[in-house]
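Quantities reported herein were computed from a predicted structural model and do not represent experimental measurements.
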There are 2 protein chains.
Amino acid sequence: MGASLKDVAKLAGVSVKTVSNVVNEYRHVSAATRSRVREAIDQLGYRPNLTARHLRYGRSGIIGLALPELGIPYFAELAEEVIAAAERESWSVLIDQTDGRGDRERLTSSGARSRTIDGLIISPLALDAEFLTAMRADLPLVLLGEQVGPGIADLVAIDNVTAAREATEHLLGLGRRRVAAIGDQRVSAAGTANVRLQGYREALAAAGIAYDPDLVVPAESYHRPDGAAAMRLLLSLADPPDAVFCFNDLLALGALRTLLAAGLRVPADVAIVGVDDIEDGRFSTPTLTTVAPDKTQIAEAAVTMLLERVNGLDAPPREVIAPHALQVRESTNTVAGARCPM
Amino acid sequence: MGASLKDVAKLAGVSVKTVSNVVNEYRHVSAATRSRVREAIDQLGYRPNLTARHLRYGRSGIIGLALPELGIPYFAELAEEVIAAAERESWSVLIDQTDGRGDRERLTSSGARSRTIDGLIISPLALDAEFLTAMRADLPLVLLGEQVGPGIADLVAIDNVTAAREATEHLLGLGRRRVAAIGDQRVSAAGTANVRLQGYREALAAAGIAYDPDLVVPAESYHRPDGAAAMRLLLSLADPPDAVFCFNDLLALGALRTLLAAGLRVPADVAIVGVDDIEDGRFSTPTLTTVAPDKTQIAEAAVTMLLERVNGLDAPPREVIAPHALQVRESTNTVAGARCPM
DNA sequence: CTGAAAGCGCTTACAG
DNA sequence: CTGAAAGCGCTTACAG
């Protein structure tokens, strides 16, 4: 198909080494030779074959990003940042969707382990420590979100316990006493859901409020329908909640929908807090109070750490804890007046 | 780093050809040899180097997907489907974000033109026919969304004129007479915005309603803030609209926010229709009436057509028009009762 | 059924 | 400042 270095060399009447020198902009090429080579390149429409270059260098210039699904805005926004950060360093990003099952087969088959990528940023979810440890032996790895086991690989996350505690404290500070939690998951022992639940419980304990298991509703996935269904369950309780801490914004937006459809007012009757700070929550009615992780910083840290590993850094696993901040908006702001959308 | 075919061959005491035969599961390998090779593979932890294989085959097994940004849910959902469709065919997807500027530099540098991908699915936006024609000479191309010029490359899209006409007719059918449009763009002559505007105008004309340029508001990008700002502009008119057709759901959700914040009721005072059918609109309050393109079909058609080209199909540019359907929800349903969210 | 050799397109010591 | 040659790891005619 395309022309190769050899073709260019032949046309320019020089060796491939010289063409390579010109292409890679090494000095020590005479101006005359350089322009002759340039001409040949233009004439043939030559562009370097990156696959060959990668084979030679022993790397592909591509990193993988394994996420549950792009359909969850938090991950889409994060992917956006990761791609941008990688591009700044002239790396490309291959995205793998794990469907939240963290299915080993998928990861294995999808190139993560087949040396087509030089490193992997992975949101682990259902993957266990053992599997990840094995993966790390093959491939530089950066974990996103939550530590799966002690010192498995580099990690970038926010302090989820503190974040959850602050969110719950904020609701308690509003004077609410029946504070529910939506998003519990029993899948893995160290998952994000568990640490968020822990922060929730700490806040309740500090406020001297008894933990009521009825107020903690699991969510199979973290989409709006799950939040909506969980909220319906909570509304069916004899003593329903007056506030809800949702483990992500999508669950919160689903819960919000259920509340409004049931004729309840938010925050007057039930206040809501989410996590992620996705754009949706800044334009919903009411707007959504949320814990905002610094996604740009998370993405940059992940890419930086991964490339350091790809470049041979041999150090014990590192942890970057990115900052987060509670964004108070209408869904917990009882001062603002109520409005009627329909 | 990892073991190569040669290492395995040496350990198993056979030639590399034989190892290759085993790895690729060719028949005609004696059971004894096969198991000896298998053992060596396990022992060395051998996995094939895809880069080398790709060099040999002259292709990378990777296709590119160039989108404005993953932060726009429609594109994130589409990317999700494209990745899934590609994976079914054992292809990987490299995502490029063009930032809506369709910037040539980015595309050029980001691998699209550097032979690291075997084909490209691209949402063209600001790219002109000339540039795309030049690209197609290098690389199999499938255009997403809108035809940029006559017969430039394979295209998959919905019938945007009809979709826009139907959306507008739906609003007119509600008895609205001041129907605004948000999302006009002057960038390219054949862009999606223009065909949607055309459908809008056709519907007005068919209903015998004069076209009022004051009711058509441009949007620089298609995010919620743009819709919110455009709606504020419309509300400042002496004779504000009683309905709005937004060129995508994000604009519609932004407009919705402005209306509710201004104390207006939707749809009682102003009815709204969007395009894209993103998940947000199914859970907003009120839920959003929208034109739903069949994203799965769009993604599958794009991947199928691209792979056909990658496999050498030499045919004139083809067009796939995917189905769409108007999803009527609360934002235009004047029959449903009004509820008060806050 | 298996082996030795060439070649995909590049880069990089090694000479000159 | 430039060239001839080896090699990255794979596959594939070509022999046997």
Side-chain angles (χ1 to χ4, degrees), chain A residues 1-38 40-41 44-62 90 111 113-118 138-139 310 312, chain B residues 1-38 40-41 44-62 90 111 113-118 138 310:
Chain A
M1 194 193 195
S4 71
L5 268 191
K6 214 190 330 182
D7 301 325
V8 176
K10 195 178 297 171
L11 181 60
V14 298
S15 77
V16 291
K17 166 71 166 132
T18 303
V19 179
S20 178
N21 283 342
V22 172
V23 169
N24 294 300
E25 296 183 332
Y26 292 151
R27 65 244 91 192
H28 306 317
V29 179
S30 72
T33 308
R34 190 198 315 276
S35 70
R36 202 140 40 87
V37 171
R38 287 262 167 75
I41 287 175
L44 294 172
Y46 168 80
R47 275 163 303 109
N49 179 323
L50 293 199
T51 303
R53 190 179 279 176
H54 293 153
L55 174 58
R56 178 59 237 244
Y57 283 139
R59 54 166 74 170
S60 67
I62 301 174
S90 304
R113 305 195 69 192
S114 31
R115 294 209 218 155
T116 204
I117 58 176
D118 295 327
D138 285 347
L139 195 67
V310 168
Chain B
M1 197 195 193
S4 71
L5 267 191
K6 213 190 332 183
D7 301 324
V8 176
K10 195 179 299 174
L11 182 61
V14 299
S15 78
V16 291
K17 165 72 168 131
T18 303
V19 180
S20 178
N21 283 341
V22 173
V23 169
N24 294 301
E25 296 183 332
Y26 292 151
R27 63 244 92 192
H28 305 316
V29 179
S30 72
T33 308
R34 188 197 318 275
S35 70
R36 201 140 39 88
V37 171
R38 286 262 167 73
I41 286 175
L44 294 173
Y46 168 79
R47 274 163 305 108
N49 179 324
L50 293 200
T51 302
R53 190 178 281 177
H54 292 153
L55 174 58
R56 179 58 237 243
Y57 282 139
R59 55 166 74 172
S60 67
I62 301 173
S90 303
R113 305 195 68 190
S114 34
R115 295 211 218 154
T116 205
I117 57 176
D118 295 328
D138 285 347
V310 168

What is the separation between atom NZ on B/K6 and atom P on C/dG7, rounded to the nearest whole Å? 17 Å

What's the closest nucleotide to the side chain of A/Y46 if the choices are C/dC10, D/dC10, D/dC8? C/dC10

Let me know the distance between CG of B/N24 and C1' of D/dG9, rounded to the nearest Å. 13 Å

If you check every side-chain atom of B/P48, which of C/dG9, C/dT11, D/dC10 has the closest atom? D/dC10

Rounding to a whole Å, what distance do you find between A/H54:NE2 and D/dC10:C1'? 17 Å

Residue-phosphate contact under 4.0 Å: A/T33 side-chain N/O, D/dT2 OP1/OP2: yes

Nearest heavy-atom neighbours spanning A/K6 and A/V16: CA-CG1, 3.7 Å

Round to a whole Å and report the spacing from CG of A/L5 to C1' of C/dC10. 6 Å

Please determine if a side-chain N or O atom of B/S15 lies less than 4.0 Å away from the OP1 or OP2 oxygen of C/dG3. yes

What are the two closest heavy atoms between A/S4 and A/D7, and how far apart are they? N-OD2, 2.8 Å

Given D/dT11, D/dG9, C/dC10, which nucleotide is nearest the side-chain atoms of B/N49? D/dG9

Nearest 0.5 angstrom please: A/K10 NZ to A/L44 CG, how far? 10.5 Å

Identified side-chain contact (heavy atoms from CB on, under 4.5 Å) counterpart of A/V37 within the set A/N21, A/L11, A/V22: A/V22

Counting just side-chain N and O atoms, does A/S30 come under 4.0 Å of either OP1 or OP2 of D/dT2? yes

Once you round to the nearest 0.5 Å, how far does CZ of A/R34 lie from CD1 of A/I41? 11.0 Å

Is any side-chain heavy atom of B/S20 closer than 4.5 Å to a side-chain heavy atom of B/L5? yes

Between the side chain of B/R59 and the main-chain N/O of B/D118, is any donor-acceptor distance below 3.5 Å? no

Could you tell me the separation between the OG1 atom of A/T51 and the CD1 atom of B/I62, rounded to the nearest 0.5 Å? 7.5 Å

Show the nearest heavy-atom pair for residues A/V23 and A/R53, with the distance to one decimal. CG1-NH2, 3.8 Å

In whole angstrom, give the distance that lies between atom CZ of A/R47 and atom C1' of C/dG9. 14 Å

Using whole Å, what does the distance between atom P of nucleotide D/dG9 and atom CD1 of B/I41 come to? 16 Å

Rounding to an integer number of Å, can you tell me how far B/R36 CZ sits from C/dC1 P? 15 Å

Tabulate protein N/O versus nucleotide N/O from nucleotides 12-14 of chain C, keeping only pairs under 3.5 Å, one per line.
residue : atom : partner : partner atom : Å
C/dT12  : O4'  : A/R56   : NH1          : 3.3

C/dC10 P sits how many Å from A/L50 CG, rounded? 9 Å

All stems that DNA chain C takes part in, i.e. 3 or more consecutive Watson-Crick or G-U pairs with distances under 3.5 Å, are C:1-3 with D:14-16, C:5-12 with D:5-12, C:14-16 with D:1-3

Which atom pair, heavy atoms only, marks the closest approach of B/A9 to B/S15? CB-C, 3.7 Å

Check the phosphate of C/dG3 against B/T18, side-chain N and O only, distance under 4.0 Å to OP1 or OP2. Yes or no? yes

